[in-house]
There are 2 protein chains.
Amino acid sequence: MINITDVAREAGVSIATVSRVVNNNDYPVRAATRAQVLEAVERLGFRPNDLARGLMQKRTRTVGLLVPDLANPYYPEIARGVEDAASAQLYALVFCNTDRRADKAEYYVNTLLQKRMDGIIIAGGGTDFTEASTAFAEYGAPVVFIGRHAEGVHSVQISNSAAARDATSHLTMLGHRAIAFLAGPLALTSVQDRVDGYRAGLEDAGLEFDERLLREGDFGERSGYESAQALLAQDPRPTAIFAANDLMAIGAIAAVHDAGLTVPGDVSVVGFDGIALASYVRPALTTVAIPTYELGAAAMRMLLELVERKQNPDLGPEPEGGRTTWLPTELVVRESSGLAPGAQRGDGERAS
Amino acid sequence: MINITDVAREAGVSIATVSRVVNNNDYPVRAATRAQVLEAVERLGFRPNDLARGLMQKRTRTVGLLVPDLANPYYPEIARGVEDAASAQLYALVFCNTDRRADKAEYYVNTLLQKRMDGIIIAGGGTDFTEASTAFAEYGAPVVFIGRHAEGVHSVQISNSAAARDATSHLTMLGHRAIAFLAGPLALTSVQDRVDGYRAGLEDAGLEFDERLLREGDFGERSGYESAQALLAQDPRPTAIFAANDLMAIGAIAAVHDAGLTVPGDVSVVGFDGIALASYVRPALTTVAIPTYELGAAAMRMLLELVERKQNPDLGPEPEGGRTTWLPTELVVRESSGLAPGAQRGDGERAS
DNA sequence: CTGAAAGCGCTTACAG
DNA sequence: CTGAAAGCGCTTACAG
């Protein structure tokens, strides 16, 4: 393991000079000296030790990302946005998957803290991060949340309720009157907001909320399959199923199919997220598309701005209370949603 | 940012004592002293700086994982296995997505090296890692590959050719004689092996390899869709499509559907990987299931053994040349593959 | 332009 | 059982 002293000896200069050359900042170094050092670095294959560097500079140029569930394609896509925005500024990323388990979340928060990350992004939910967030704040490391709200925190979000309301209206306009909602874990604010939007959408059409049509799921395919199966056994049977994410919607389509019914002929299905696969399943899935990649990228840009501000107090203090960036969603209508059985185009329109 | 000196002062002991207590090893410390220190740690919220620790110990208890494509559910599943095996031993994981781009791969390898990772796992392909691998070796950090071969490296693998041969035979047994293969990038050894297996499977049934039925893809849904579309326009039209991964298979099913044909009535489709979604699309996908999670876990266990051996020379030297662990695959027959049009059960049997 | 020296926050022989 | 001190590999005032 060759170090800065080896390079200094090889180049016949001091370690201070090596440091200056390697860091390539605007510090003046004679061209000839620089060349000697560079050659020694090359010859020896020197790679500066980031641990030592971080220890001195009190910054690691590394940020953490906590996601609840890698198996859901939604999060890898967020991760891509986060990662691209990070590497654009030469920041490294430490990626942690909590599996929605509080113990893993705590473990990772601790690890990230001990590794002195410059900041952290927390995507999705599953556990309470107030404590984690406080711990980071104490260490002066900014925190940005994706897709959840709380008092005084920085976040990047979409309007879950408005999006869910629109999707529900899409179904009422098609004449559906028994519209089920497959929720995700009700502990999540994003899920609560989607439920609110769903209810608002029903109300807009003069429909009553029926709790038998609301089911809690866990965002997995199986959960969508099983919930849909139960829903389809009910009487009267819903003619539309709106799922709180695409994976559950895909599970629901499978359940409708296995029940000997067709989508959208007998039952319409609408998802949420807009994962890539949604346009490749058949029937192609109508869904609320979230700008997932951009959500990640925006969160990272916000975080890095906060980090830079911390390192560089000239930029002024951190904004009070926590900023929120809102990103738009879009209802993408594909094949999985259609007219309610027996309805005619326009049936639902007076309701809107 | 409170440090070990603060704790020592608060507890009225030396920093050496604090260090011993915090590290909780078998070093003898009087119970009363220990209690004082622990209380001070608690009161102050002390979190030891891993940078300083790593600098002294010359180990970070952190390993890197390089994956080529987070958008393919195959890799997140590998990552879960890697991560669980790592945290079981209290190792942290730095996760890097190369997007199959050589520049990103090089950038991350450099970063991981500078951060003094104890070891690295390289999953999948897309770029050449001989150089990266050498660089790590020079720094004494072990490397384990998942799913690719090369001389003298450690790896965890499946038998791609045998698996592809079996899947091909499954189709020939169903009476298919025009079987297309949607390959992934032909630069990957895993893809080359799958092509070999496909050809062997054809040969077993006395079928000739037809290069018009082989297409190179990129493992994405779109690529599967477009390749299948082109294939379906050929004359004679293949009655079966075997894709080198599930995402392309799902794209292929969509293409068959959009061409007004049915799966498996007109065209059978078989995938490779066994992602969770494969059993939730309709028709459910017949596929070669890879023990993905276990592949990741096995790779991490192998890596950690190499790391421990390096730290602890009593365990003996690193095994010569590179070990390979082989994991089994399984053909999971679902709905997407069936008898060739016009064929009768048993038609293909004499061929085997 | 260059170098000697202090210091980041720990761990670990060494001495007592 | 406990502490003083050296040292890990860097960066950065400070002096020249």
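The chains referred to below are lettered A, B, ... by the order of the sequence lines, with proteins before strands, and numbering in each begins at 1. Computed over heavy atoms, backbone and side chain alike; hydrogens, waters and symmetry mates excluded.
When the C1' atom of D:dC10 is taken as reference, atom CZ of A:Arg59 falls 16 Å away, rounded to whole Å. At whole-Å resolution of the value, CZ in A:Arg116 and P in C:dC8 are 14 Å apart. Following rounding to the nearest Å, A:Arg61 (CZ) and D:dT11 (C1') show an atom-to-atom distance of 15 Å. At whole-Å resolution of the value, CG in A:Asp6 and P in D:dC8 are 11 Å apart. The CD1-C1' distance, from B:Ile4 to C:dG7, rounds to 16 Å in whole Å. As rounded to whole Å, 13 Å separates atom P of C:dC8 from atom CE of B:Met1. The interatomic distance linking B:Asn24 (CG) with C:dC10 (P) rounds to 17 Å, in whole Å. Summarising the geometry, the separation between NZ on A:Lys115 and P on C:dC8 is reported as 22 Å, rounded to the nearest angstrom.
Both the sub-6.0 Å distance and the 45° axial angle are not jointly satisfied by B:Arg80 relative to the ring of B:Tyr293.
Regarding contacts with the backbone of C:dT12, a side-chain N or O of B:Gln57 is found under 4.0 angstrom from either OP1 or OP2. Within the structure, a side-chain polar atom (N or O) of B:Thr17 is placed less than 4.0 Å from OP1 or OP2 of D:dG3. For D:dT11, one of the phosphate oxygens OP1 or OP2 lies less than 4.0 angstrom from a side-chain nitrogen or oxygen of A:Ser19. The side chain of A:Asn3 places an N or O atom within less than 4.0 Å of a non-bridging phosphate oxygen (OP1 or OP2) of D:dG9.
Shown here, D:dA4 forms no base pair; nothing in the strands shown gives a Watson-Crick or G-U wobble contact with both key distances under 3.5 Å. With a cut-off of 3.5 Å on both Watson-Crick or G-U wobble distances, the partner of C:dA13 is given as none.
Using a 4.0 Å heavy-atom cutoff across all strands shown, B:Thr33 reaches sugar-phosphate atoms only and no base atom. Backbone-only contact: A:Asn23 has heavy atoms under 4.0 Å from sugar-phosphate atoms and none from a base. At the heavy-atom level, B:Leu51 lies nowhere under 4.0 Å from the strands shown.
In terms of polar N and O atoms assigned as donor or acceptor, the side chain of B:Tyr27 never comes within less than 3.5 Å of the base of C:dT12 in a complementary pairing. One donor-acceptor pair, N or O on each side, does fall under 3.5 Å between the base of D:dG3 and the side chain of B:Arg20.
Residue B:Arg30 is the one, among B:Lys58 and B:Arg30, whose nearest nucleotide of DNA chain D lies closer to the 5' end (criterion: closest heavy atom). Taking the nucleotide of DNA chain C with the nearest heavy atom to each of A:Val29 and A:Leu55, the more 5' of the two is matched to A:Val29.
For CD of B:Glu294, the number of neighbouring non-hydrogen atoms (other residues, nucleotides, ligands) closer than 6.0 Å is greater than 12. Atom CD of B:Glu106 has 12 or fewer neighbouring heavy atoms from other residues, nucleotides or ligands inside a 6.0 Å radius.
Looking only at atom types and distance, the side chain of B:Glu83 has a donor-acceptor partner in the side chain of A:Tyr108 under 3.5 Å away.
In this structure, the side chains of B:Pro68 and B:Asp99 stay at 4.5 Å or more apart for every pair of heavy atoms. In this structure, the side chains of B:Thr111 and B:Gln114 stay at 4.5 Å or more apart for every pair of heavy atoms.
Distances from the side chain of A:Val13 to the nucleotides C:dG3, D:dC10, C:dT11 place C:dG3 closest. Residue B:Met56 has its side chain nearest to C:dC10 when only D:dG3, C:dC10, C:dG3 are considered.
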